[in-house]
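Residue numbers start from 1 in every chain, and the chains themselves are labelled A, B, ... in the order their sequence lines are given, proteins ahead of strands. Below, each value reflects all heavy atoms present in this structure, side chains not excepted, and no hydrogens, waters or symmetry copies.
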There are 2 protein chains.
Amino acid sequence: MTNKPTRTVVSRRARPAKEPLSKELIVETALGLVKSEGSSGLSMRKIAKALDTGPSSLYVYVTNQQELSAYVLDAGLAEVTFSSSDSGTWQSRLLDVLDSYLMVLFDAPGIAELALTTIPVGHNSLGITEYMLQQLNEAGVGATSAAWGIDLLTLYVSSVAFEQTSRNQVGTTLQAVKASYQSLDAKRYPLLMGLREEMTSADGKERFRWGLEVILQGILQRKNEV
Amino acid sequence: MTNKPTRTVVSRRARPAKEPLSKELIVETALGLVKSEGSSGLSMRKIAKALDTGPSSLYVYVTNQQELSAYVLDAGLAEVTFSSSDSGTWQSRLLDVLDSYLMVLFDAPGIAELALTTIPVGHNSLGITEYMLQQLNEAGVGATSAAWGIDLLTLYVSSVAFEQTSRNQVGTTLQAVKASYQSLDAKRYPLLMGLREEMTSADGKERFRWGLEVILQGILQRKNEV
DNA sequence: ACCTGAACACCGTTCAAGT
DNA sequence: ACCTGAACACCGTTCAAGT
């Protein structure tokens, strides 16, 4: 009676043998969801479902959603590329990382929001920060100015990406904004009226570059003053 | 039998006579909740409860939460103060509004998040933008530079406020960040290591001013270039 | 040590039904 | 025209119980 009959346990193998959970697997799955669904993909329940388990299982590897968000952000930032430290000028290197940063935030729409709301503490974001500090260091920018400047630059990139991607997501909203600008009271807001185009335009690259250069010039001018 | 007996309808008057709902009342109530509870106070259900009704009642006056958020943001910005157009220089006036802006976002913690995630379209935010445009106009800054510059400046203020207030809210997180910076690998991140203090410091006013001036100088230098 | 089901206390939004 | 109850389809997190 104790011999094993041909009891096909097929049910458990509907999909490839289930890997055991791990922090890495959870983070990777979450990142995938964020890429495909945007920030709403970062839900404990959706991640659990994608891993074919219950939400409570995740709490063995991650203390809460906030912590998981920080990991996911850092995993996403792994794709930011650096040019090697001897190609071009410090300035071109700096602009290049920031460009790459923007691209990464751009095609994983949910990550931009994370970058803005989550304090980044993983190795990838630390690596990026260190690299940028090197460039400003080379430019002769003092310690405090460099530290605050980097914050300013990354903040700028994140928010540009966020504005852009969140508008794409909503769709209806942008129209609403345009409509409300359309019907502006010319007497109350004459200047705004004249700048309707400029305020609404999301002409991407050009505008992004402009902001970057504005900040950078500002930083260089106050190199050592705090 | 049709005479009214002394039937005390006391129950409906436990609180002062219930005002009928209105968009204004809803927005004002929501703003109150955001001020006292932070961004989590901006919940349809909480607002409804505060108004002693059900959540579905709100949808008569407001199409959805997103739209309500925009109204609440604008109502919050009503407290931003302007100095009159002939006191001091354009620069001092500009810095003053931005200062006031920061203060407002500061003591209504949830609003900073709204400012960052909600596209502002109400009369108050339009008024602030118009006022700032006036100042840059006076400074001789070209149209496009002015438009983009204002965006940059307000973005900066919002994100400084958000970073600050969200850290206060969480509390635990900041310690975690400090801890992770504490245990930084000196070989991997030598520069970051040396700047630990500067990166973590949230010394408010001074840092805020620095960023403002950096951006402003950058804008002035590219007055008319796009 | 790891995983799970079930529960708790929440969400936003819709819609048929009432006044 | 306005308001409501009840339902739908979600949330994050906890915890006793299982292996």
* **Any donor-acceptor N/O pair, B/E130 side chain to A/L192 backbone, under 3.5 Å** => yes
Which nucleotide in [options] has an atom nearest any side-chain atom of [X]:
| X | options | answer |
| --- | --- | --- |
| A/K46 | D/dG12, C/dT13, D/dC11 | D/dC11 |
| A/R45 | C/dT13, C/dC3, D/dT13 | D/dT13 |
| B/L21 | C/dT4, D/dG12, D/dC3 | D/dC3 |

* **Stems formed with participation of DNA chain D [Watson-Crick or G-U wobble, under 3.5 Å, three or more pairs]** =>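 Ordered by first number, the stems with DNA chain D (at least 3 consecutive pairs each) read C:4-8 with D:12-16, C:12-16 with D:4-8.
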* Phosphate oxygens OP1/OP2 of C/dG5: is one of them under 4.0 Å from a side-chain N or O of A/S56? -> no
* Compare side-chain N and O positions of A/Y61 against OP1 and OP2 of C/dC3 and report whether any pair is under 4.0 Å apart. =>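 The answer is yes; a side-chain N or O of A/Y61 sits under 4.0 Å from OP1 or OP2.
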* Enumerate the residue pairs fulfilling salt bridge (charged side-chain N to carboxylate O under 4.0 Å, His left out) with a member in residues 61-77 of chain A, sequence neighbours excluded, ordered by first and then second residue. => none
* To do: Indicate yes or no: at least one non-hydrogen side-chain atom of B/L116 is less than 4.5 angstrom from one of A/T117.
  => no
* Using a 4.5 Å cut-off on heavy atoms from C-beta on, say whether the side chain of B/Y59 contacts that of B/M44. => yes
What is the distance, rounded to the nearest whole Å, between atom [atom1] of [X] and atom [atom2] of [N]?
| X | N | atom1 | atom2 | answer |
| --- | --- | --- | --- | --- |
| A/L25 | C/dC3 | CG | P | 10 Å |
| A/M44 | C/dC11 | CE | P | 19 Å |
| A/D52 | C/dG5 | CG | C1' | 15 Å |
| A/L51 | C/dC3 | CG | P | 11 Å |
| A/Y59 | C/dA6 | OH | C1' | 15 Å |
| B/I47 | C/dC11 | CD1 | P | 10 Å |
| A/K23 | C/dC2 | NZ | P | 14 Å |
| A/L68 | D/dC11 | CG | P | 14 Å |

* Asked: Within the structure shown, what part of the strands sits under 4.0 Å from A/S43 by heavy-atom distance: base, sugar-phosphate, or nothing?
  ->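 Sugar-phosphate, no base atom in range.
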* To do: Evaluate the criterion side-chain contact (heavy atoms from CB on, under 4.5 Å) for residue pair B/K23 and B/I26; output intermediate values, then yes/no.
  => CA-CA 5 Å; B/K23 205 177 88 173; B/I26 293 173; 5.7 Å; no
* Determine the interatomic distance between P on D/dC10 and the same-named atom on C/dA9; round to the nearest Å. =>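 Those two atoms are separated by 22 Å.
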* Using the closest heavy atom to pick a nucleotide of DNA chain C for each, name whichever of A/G54 or B/N64 lands nearer the 5' end. =>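 Closest to the 5' end, via its nearest nucleotide, is A/G54.
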* Taking 4.0 angstrom as the limit, do B/K35 and B/D107 come out as a salt bridge? ->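 Here B/K35 does not pair with B/D107 in a salt bridge, since their nearest N and O are not under 4.0 Å apart.
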* Report the relative orientation of the aromatic rings in B/F82 and B/Y131; use parallel for angles under 30°, tilted for 30 to 60°, perpendicular for over 60°. =>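 Correct class here is perpendicular.
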